[in-house]
Amino acid sequence: MQTEPEIGEILVQADQLKHRIKELGEQISLDYEGKDLLLVGVLKGAVFFLSDLMRHISIPCEVDFMAVASYGSATDSSGVVRILKDLDAAIEGRDVLIVEDIVDSGLTLKYLLRNLGARGPASLEVCALLTKPERRKVELRSRYVGFEIPNKFVIGYGLDFAERYRNLPYVAALVEQ
Ligand code: IMP
Ligand code: MG
């Protein structure tokens, strides 16, 4: 019989998240001083990270959102990405920072970098809260990374399993029964 999955080992505690996100916000504030910074959050997972990050950015900045769906199974993306919600405004000439919850295979971000890159931004970089280097299928550089984590499916702080668990204040491994 299929039972509910369980919350496993905590990989990143709430206070570690808080501390690291403050550091990232301060670094971004220094790097983008005098620039036209636009944060692009990838719905839905990155919303929690983005809203905390943005409160540690001390320079003028704006925010916009994209929603994408990656075809594949519940825990594996295929690299075929569909835009569910596009940006509200053009990004030509702007300094765009994509804010993502996690880089897994890297296929979603690779698609986003290509898609947004074609719109003529002045610069285009990535800020990812988590990365699973062991899972990477494509070459990808993220300018800002919060934490490297092992090859485990994780939940919490925006990350979901079948839309649940986003509300956990920490990042934990999922234990499937
Ligand atoms: P990628 O295209 O394989 O890099 O996957 C990117 C997306 O898959 C992320 O933005 C997440 O939404 C989702 N994802 C990848 N790994 C995890 C995980 O461990 N937990 C929850 N969602 C994940
Ligand atoms: Mg997701």
Side-chain angles (χ1 to χ4, degrees), residues 2-14 16-18 20-21 24 28 38-54 63-87 91 96-118 124-177:
Q2 187 84 12
T3 50
E4 281 284 298
E6 267 180 34
I7 301 168
E9 182 197 353
I10 296 181
L11 299 180
V12 190
Q13 297 281 0
Q16 292 176 283
L17 288 167
K18 205 172 159 190
R20 182 70 184 123
I21 292 168
L24 288 171
I28 290 166
L38 175 70
L39 303 175
V40 169
V42 184
L43 296 171
K44 306 170 192 166
V47 166
F48 305 72
F49 173 41
L50 188 145
S51 67
D52 284 340
L53 178 71
M54 203 167 170
V63 65
D64 203 344
F65 292 98
M66 267 183 102
V68 296
S70 173
Y71 291 103
S73 66
T75 57
D76 254 311
S77 79
S78 63
V80 182
V81 175
R82 189 163 51 104
I83 295 179
L84 301 178
K85 183 225 171 284
D86 207 339
L87 298 175
I91 57 169
V96 176
L97 183 59
I98 301 174
V99 180
E100 246 293 34
D101 50 2
I102 189 164
V103 191
D104 186 32
S105 68
L107 291 166
T108 305
L109 259 181
K110 194 186 168 194
Y111 169 85
L112 279 176
L113 284 167
R114 191 156 26 90
N115 186 290
L116 297 182
L124 182 60
E125 299 287 349
V126 172
C127 177
L129 178 65
L130 305 171
T131 179
K132 285 192 260 188
E134 283 173 60
R135 293 263 302 173
R136 202 76 79 252
K137 284 188 192 151
V138 288
E139 185 85 28
L140 209 123
R141 51 174 189 94
S142 295
R143 183 158 181 196
Y144 308 97
V145 172
F147 300 90
E148 282 195 5
I149 59 166
N151 183 8
K152 290 184 176 159
F153 193 85
V154 293
I155 49 174
Y157 197 70
L159 292 141
D160 71 302
F161 174 70
E163 295 299 326
R164 295 272 175 92
Y165 305 105
R166 294 192 199 272
N167 54 319
L168 297 176
Y170 47 76
V171 175
L174 180 83
V175 183
E176 288 188 73
Q177 305 286 303

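Just so you know, ligand 1 is whichever comes first in the structure, and atom 1 is the first atom listed for that ligand. Only this structure's heavy atoms are used, side chains among them; waters, hydrogens and symmetry mates stay out.
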Using modelled atom types only, decide if a donor and an acceptor are shared between the side chain of R136 and the backbone of D104 within a distance under 3.5 Å. yes
Considering non-hydrogen atoms only, spot the tightest contact between T131 and P133 and give its length. O-CD, 3.3 Å
At a 4.0 Å threshold, what atoms of ligand 1 neighbour a non-hydrogen atom of S105? 1 (P), 2 (O), 3 (O), 4 (O)
Please report the C-alpha distance between K110 and E139 in whole Å, then the side-chain angles of each, then the deciding distance to 0.1 Å, and finally whether the salt bridge (charged side-chain N to carboxylate O under 4.0 Å, His left out) criterion is met. CA-CA 8 Å; K110 194 186 168 194; E139 185 85 28; over 6 Å; no
Counting only N and O atoms by type, is there a donor-acceptor contact under 3.5 Å from the side chain of R20 to the main-chain atoms of L129? no
With a 4.0 Å cut-off on heavy atoms, does G45 reach ligand 1? no
L159, L174, V103: member with heavy atom nearest to atom 22 (N) of ligand 1: L159
Note: ligand 1 atoms sitting under 4.0 Å from heavy atoms of D160 are 21 (C)
When you compare the side chain of I28 with that of L53, does any pair of heavy atoms fall below 4.5 Å? yes
To the nearest 0.5 angstrom, please state how far the CG atom of L39 sits from the CZ atom of F49. 9.5 Å
K137, portion touching ligand 1 at heavy-atom distance under 4.0 Å: neither
What atoms in ligand 1 come closer than 4.0 Å to a heavy atom of K132? 16 (N), 17 (C), 18 (C), 19 (O)
Hey, looking at atom 23 (C) of ligand 1, which of V42, L130, I102 has the closest heavy atom? I102
Among F161, F153, Y165, which one puts a heavy atom closest to atom 21 (C) of ligand 1? F153
Near D104 (heavy-atom distance under 4.0 Å), the atoms of ligand 1 are 1 (P), 3 (O), 4 (O), 5 (O), 15 (C), 16 (N)
Enumerated ligand 1 atoms positioned under 4.0 Å from heavy atoms of T108: 1 (P), 2 (O), 5 (O), 6 (C)
Which atoms from ligand 1 have a heavy atom of E100 less than 4.0 Å away? 10 (O)
Restricting to non-hydrogen atoms, name the atom on V12 and the atom on Y170 that form the minimum distance, rounded to 0.1 Å. O-CB, 3.4 Å
Check R135 against ligand 1 and report side chain, backbone, both or neither, counting heavy atoms closer than 4.0 Å. neither
Report yes if some heavy atom in the side chain of E176 is under 4.5 Å from a heavy atom in the side chain of F153; otherwise report no. no
